[in-house]
Amino acid sequence: MSLYDRIPNNVNLSGDVRLQRALEKWLPNYLDWWREMGPDGFQEKDIYLRTAISVEPNGWAHFDYIKMPDYRWGIFLVPADPDARIGFGDNYGKPAYQEVPGEFRNSLRRIIVTQGDTEPASVEQQRQLGHTCPSLYDLRNLFQVNVEEGRHLWAMVYLLHGFFGRDGREEAEELLQRRSGNPDKPRILQAFNQPCDDWLNFYCFTMFTDRDGKYQLSALAESGFEPLARTCQFMLTEEAHHMFVGETGIGRVVKRTAQLMKETDDVRKLGGIPLEIIQKYINFWYTYSLDLFGGEISSNSADFFAAGLKGRFQEQKKYTDHIAAEGFVNIESVEDGKVISRPIALRNALNEVLRDEYVKDSERALARWNKFIAEEGVNAELYLPSPRFHRHVGEFANHDFDIHGSLISREEFERRSVEWLPSIEDREYVQSLMISVTEPGKIANWIAPPATGVNNKSFDFEYVRL
Ligand SMILES: [Fe+2]
Ligand SMILES: [Fe+2]
């Protein structure tokens, strides 16, 4: 582990002068991007952050005060397995690829660029949130997520520079050129062009959109292209915290709302966020995140699985048949104004198989939040919308459904969408609550404090020195 090199790494960068030079050329451009598009207004503050210093499961992180531009962004891969094998597909059991297999060069580059693009995009989406934090604890978590998304960009840029030659270097440059929400040079995926300008959006984003990342990274973490697998495995370690921030963040808002509901019929009067608004935010981010898995029926997913490049969630742990050449999955689509279901060959339905895992995971979180409501003695429940609702990719795109998944007309959808998706008034109301609370130990009234602090510190620890 070369921790104190200009680019901290455990890939023996100094042994590959060409690659080292290329990355050292990219580094100042990255820092320019960070200063321009990273968290606004807090670059010179000391923040209690964790930094990756090892890839060992125990003791991989070091916590201390640091200014964000001094964060040690680096390239960390889990150790290579000299006997690594391709774990699925047509080449099952053959030695893993150490170089990019020629025929999949373009699609693999596309996968890495698409994943890489999401990392800086989310930093851009969240860059103003620091000004309205509900507590110092939350402010610190926001910045932790931001610097780690920056590191994930490094992880993908390492692969582009290291394995894709000149076009990889060009792609790495473009990752710093696109901007979230910019009509001329937007980020690649739509969920990453949506504004994330209040903290309820932020928790929903880290809950639902980062969670798509978990499933994509998990599928790539068992890739037969070993450098990609090893990179994604370590990214997942960091990613777990982002989803924790999202899941517990929404949970704390829900809990606070339930507490306020015991005191009043309209939590607005006490400065809380009504459950209906929380539900609409869930509907919005959950459905945009479902789109990120791609079409239900996909020949790309079949080709990638066949090649041993992208597997299923927990491919080794959960499955015994790693060839998946047989079997069918029932996939719904719309035909003649009706939803029908038909069997699709398993390999062509792998996006849907991965999405199913995500849906189950999201349902688990919903059940937890509903428990918080029940614990306060309030009779109400949150739910997940039908996966047909509000979709822009796949079989249900270009059709309109109500929240339960019944086909409706475009007109009806437009008329009723304010029942299901945040209206301008809803967003303005949430926005009106976003007043920064920065005294250690204090918290905004619309959210409950966390159960514990960071790294065994208490909630009233000074997580950010302002
Ligand atoms: Fe990430
Ligand atoms: Fe993340």
Side-chain angles (χ1 to χ4, degrees), residues 30 33-34 37-39 49-52 55 60-61 68 71-78 111-127 129-130 138-160 171-172 175-176 178 180 187-194 196 199 201-221 223 227-250 285-286 288-289 292-293 310 313 354 358 361-362 365 454:
Y30 170 80
W33 167 81
W34 178 268
M37 295 311 294
L49 291 177
R50 76 173 180 192
T51 305
V55 292
W60 65 272
M68 283 185 279
Y71 186 80
R72 308 289 296 154
W73 285 288
I75 299 162
F76 304 117
L77 276 62
V78 302
I111 285 190
I112 293 169
V113 167
T114 307
Q115 176 65 39
D117 193 66
T118 66
E119 316 286 357
S122 65
V123 175
E124 293 166 0
Q125 285 168 292
Q126 297 159 14
R127 73 184 295 261
L129 284 175
D138 290 279
L139 185 61
R140 176 261 168 215
N141 282 347
L142 167 70
F143 296 151
Q144 184 70 59
V145 170
N146 290 160
V147 291
E148 285 174 352
E149 300 304 8
R151 206 202 67 74
H152 294 174
L153 173 60
W154 272 94
M156 294 295 118
V157 163
Y158 160 72
L159 293 174
L160 289 171
E171 294 281 14
L175 285 169
L176 297 175
R178 287 185 286 270
S180 175
R187 291 294 173 184
I188 296 170
L189 298 169
Q190 272 326 302
F192 293 85
N193 287 308
Q194 305 301 322
C196 192
W199 280 76
N201 274 325
F202 173 64
Y203 298 131
C204 287
F205 183 93
T206 38
M207 165 69 207
F208 291 110
T209 308
D210 265 326
R211 194 169 303 272
D212 156 74
K214 168 185 165 179
Y215 285 88
Q216 302 301 333
L217 291 174
S218 297
L220 297 173
S223 179
L228 176 63
R230 290 165 54 209
T231 307
C232 291
Q233 285 162 29
F234 187 61
M235 288 165 76
L236 280 165
T237 312
E238 291 168 320
E239 205 60 55
H241 173 67
H242 308 180
M243 286 173 293
F244 165 86
V245 168
E247 182 173 337
T248 57
I250 299 180
W285 285 105
Y286 174 68
Y288 263 117
S289 303
L292 296 172
F293 289 82
K310 186 179 176 189
F313 179 64
L354 195 58
Y358 172 87
D361 196 5
S362 302
V454 177

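When a residue number appears, it is its place in the shown sequence, counting from 1. From a predicted model like this one, the values you see are computed outputs, not experimental measurements. Each ligand, and each atom within it, is numbered from 1 in the order the structure gives.
Between Tyr71 and Phe143, the gap from one ring centroid to the other reaches at least 6.0 Å. In summary, the aromatic rings of Tyr30 and Trp33 are positioned with their centroids under 6.0 Å apart.
If you look at Glu239 and ask which of its N, O or S atoms sits nearest the Fe ion (ligand 1), the answer is OE1. Taking the Fe ion (ligand 1) as reference, the nearest N/O/S atom within Glu119 carries the name OE1. Its N, O or S atom nearest to the Fe ion (ligand 1) is what matters here, and for Glu149 that atom is OE1.
The existence of a salt bridge linking Arg50 and Glu148 is confirmed by a sub-4.0 Å separation between a basic side-chain nitrogen and an acidic carboxylate oxygen. The residues Arg187 and Glu124 are annotated as salt-bridged, a charged nitrogen and a carboxylate oxygen being separated by less than 4.0 angstrom.
For the Fe ion (ligand 2), the N/O/S atoms of His152 include none lying under 2.8 Å.
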Problem set entry | Worked check of salt bridge (charged side-chain N to carboxylate O under 4.0 Å, His left out) between Arg211 and Glu239 | CA-CA 8 Å; Arg211 194 169 303 272; Glu239 205 60 55; over 6 Å; no
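Angle subtended at the Fe ion (ligand 2) by His242 ND1 and Asp210 OD1: 140°, rounded to 10 degrees.
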